[in-house]
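Structure first, then comments.
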Amino acid sequence: MNSVNPANASNTGKIEDINLGPADSLQLMFVKLQLVMSAECKVQAERCMNQIRNIQAEQEQAAIMIELAQRFKVSEHKPSREMTEWMGERNMKPVDNDTREAWDVTIRTLANYQESIGSQQQTLMTFLQDFMGQYSSYLQGASAAIGEARSTLGSLIRA
């Protein structure tokens, strides 16, 4: 599982590299900047959601492996090839013998793995919440600037 880093989700790099297009006024430039920043937050939020979905699928697989391990412990069987491969892909050592004690160690290892990916999911959900808040804030900023510009233009027209 990849480490949690929402900064990898950035499309734009530096703010200086963003082309806002022609702007006749400072207010228009501010609106465009707010919209660009809201779009960036939306992209990052979508990437966080995709990572969360992947982690949820991984948690389901871990739960299945824990259930299998508990069944194998009761019957004192060796792990299935599928379990051995799955654990190996995640750098976990599968059961080396079929004793109950060895299965207890494997079950604890799987539970610890499931807990660690659950922590990653919680961290990503925090980032997602932050990106959604920023997205909303940037859109509200753009909307407020448009409203102010409209009010200014209305005052100029009446004058």
Side-chain angles (χ1 to χ4, degrees), residues 1-21 29-147:
M1 194 84 319
N2 294 336
S3 63
V4 176
N5 187 356
N8 292 340
S10 180
N11 275 344
T12 58
K14 292 185 263 174
I15 196 75
E16 297 89 27
D17 297 335
I18 299 171
N19 180 4
L20 297 176
M29 187 181 290
F30 179 73
V31 168
K32 287 182 176 185
L33 180 60
Q34 294 286 312
L35 292 174
V36 166
M37 295 305 293
S38 70
E40 180 65 21
C41 287
K42 180 181 175 186
V43 166
Q44 291 185 8
E46 288 171 345
R47 290 193 179 161
C48 275
M49 285 189 288
N50 288 336
Q51 286 180 305
I52 289 168
R53 276 189 216 103
N54 292 340
I55 287 174
Q56 287 172 337
E58 185 72 7
Q59 283 181 311
E60 288 176 24
Q61 283 295 313
I64 290 168
M65 292 301 150
I66 291 170
E67 184 181 329
L68 280 174
Q70 289 169 340
R71 277 194 263 157
F72 288 145
K73 175 186 170 184
V74 170
S75 62
E76 294 186 3
H77 283 99
K78 292 207 178 276
S80 66
R81 186 175 60 86
E82 174 190 7
M83 177 181 276
T84 303
E85 288 174 2
W86 189 87
M87 290 180 74
E89 289 169 359
R90 286 146 185 89
N91 298 321
M92 290 185 272
K93 186 177 182 229
V95 172
D96 54 355
N97 61 48
D98 53 3
T99 66
R100 288 182 180 262
E101 293 79 22
W103 278 113
D104 284 337
V105 169
T106 298
I107 291 168
R108 278 194 304 272
T109 300
L110 289 166
N112 288 340
Y113 174 72
Q114 189 178 38
E115 186 176 318
S116 75
I117 60 178
S119 294
Q120 286 181 353
Q121 180 180 2
Q122 289 299 319
T123 301
L124 281 168
M125 287 181 160
T126 301
F127 288 142
L128 176 61
Q129 214 171 13
D130 184 48
F131 289 137
M132 289 171 59
Q134 288 179 39
Y135 173 78
S136 177
S137 178
Y138 286 129
L139 283 180
Q140 287 174 356
S143 179
I146 290 169

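Side-chain atoms are counted along with the backbone in the values below, which use heavy atoms only and exclude waters and symmetry mates. Nothing fancy with the numbering, it's 1 onward along the sequence. Please read these numbers as outputs of a predicted model, since none were measured by experiment.
- Put simply, the side chain of Thr123 does not reach to within 4.5 Å of the side chain of Gln120, judged on heavy atoms.
- Of all the heavy atoms in Met92 and Pro94, the pair that sits closest is O-CD, 3.3 Å.
- For the atom pair CD1 (Ile52) and CD (Gln122), the distance works out to 9.0 Å, reported to the nearest 0.5 Å.
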Exercise for review: Run the numbers on Val105 and Lys93 for side chain to side chain contact (heavy atoms under 4.5 Å, CB included), then give the verdict.
Suggested key: CA-CA 10 Å; Val105 169; Lys93 186 177 182 229; over 6 Å; no
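- A distance of 10.5 Å separates CG in Asp104 from OG1 in Thr109, rounded to the nearest 0.5 Å.
- Taking the side chain as every heavy atom from C-beta outward, Lys73 and Val95 never approach each other to under 4.5 Å.
- Here CD of Gln59 is found 11.0 Å from CD of Glu115. Values are rounded to the nearest 0.5 Å.
- Ile107 and Ala69 make their closest contact through CG1-CB, 3.6 Å (heavy atoms, listed as atom of the first residue, atom of the second, distance).
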Identify every side-chain donor-acceptor pair in residues 128-139 under 3.5 Å, counting partners at least two apart or on other chains, and give the distances.
residue, atom, partner, partner atom, Å
Asp130, OD2, Gln134, NE2, 2.8

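- Within the model, atoms CD of Gln70 and CG of Leu110 stand 9.5 Å from one another, a figure rounded to the nearest 0.5 Å.
- Across every non-hydrogen atom of Met65 and Glu82, the tightest pair is CE-OE2, 3.8 Å.
- Heavy-atom minimum distance, Ala145 versus Val31: CB-CG2, 3.4 Å.
- Rounding to the nearest 0.5 Å gives a distance of 9.0 Å between OG of Ser75 and CZ of Arg100.
- At distances below 3.5 Å, not a single donor-acceptor pair connects side-chain atoms of Trp103 with backbone N or O atoms of Lys78.
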Review point. Are Glu40 and Gln44 close enough, and set up right, to give a side chain to side chain donor-acceptor pair (under 3.5 Å), and what steps lead you there?
Key: CA-CA 6 Å; Glu40 180 65 21; Gln44 291 185 8; 3.1 Å; yes
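- Of all heavy-atom pairs between Tyr113 and Ala62, the closest is CD2-CB, 4.3 Å.
- Counting only distance, with no hydrogens or angles, the side chain of Ser143 and the backbone of Gln140 share no donor-acceptor pair below 3.5 Å.
- Taking Glu85 as the reference, Arg81 meet the salt bridge (charged side-chain N to carboxylate O under 4.0 Å, His left out) condition, with sequence neighbours excluded.
- Annotation: the span from Met49 atom CE to Asn54 atom CG amounts to 12.5 Å, rounded to 0.5 Å.
- The closest donor-acceptor contact from the side chain of Arg90 to the backbone of Trp86 lies under 3.5 Å.
- Closest of all the heavy-atom pairs between Gln34 and Ala142 is CB-CB, 3.7 Å.
- Asn50 and Arg53 form a side-chain donor-acceptor contact under 3.5 Å, judged by distance and modelled atom types alone.
- The neighbour count for Glu46 CD, taken as heavy atoms of other residues, nucleotides or ligands under 6.0 Å away, is above 12.
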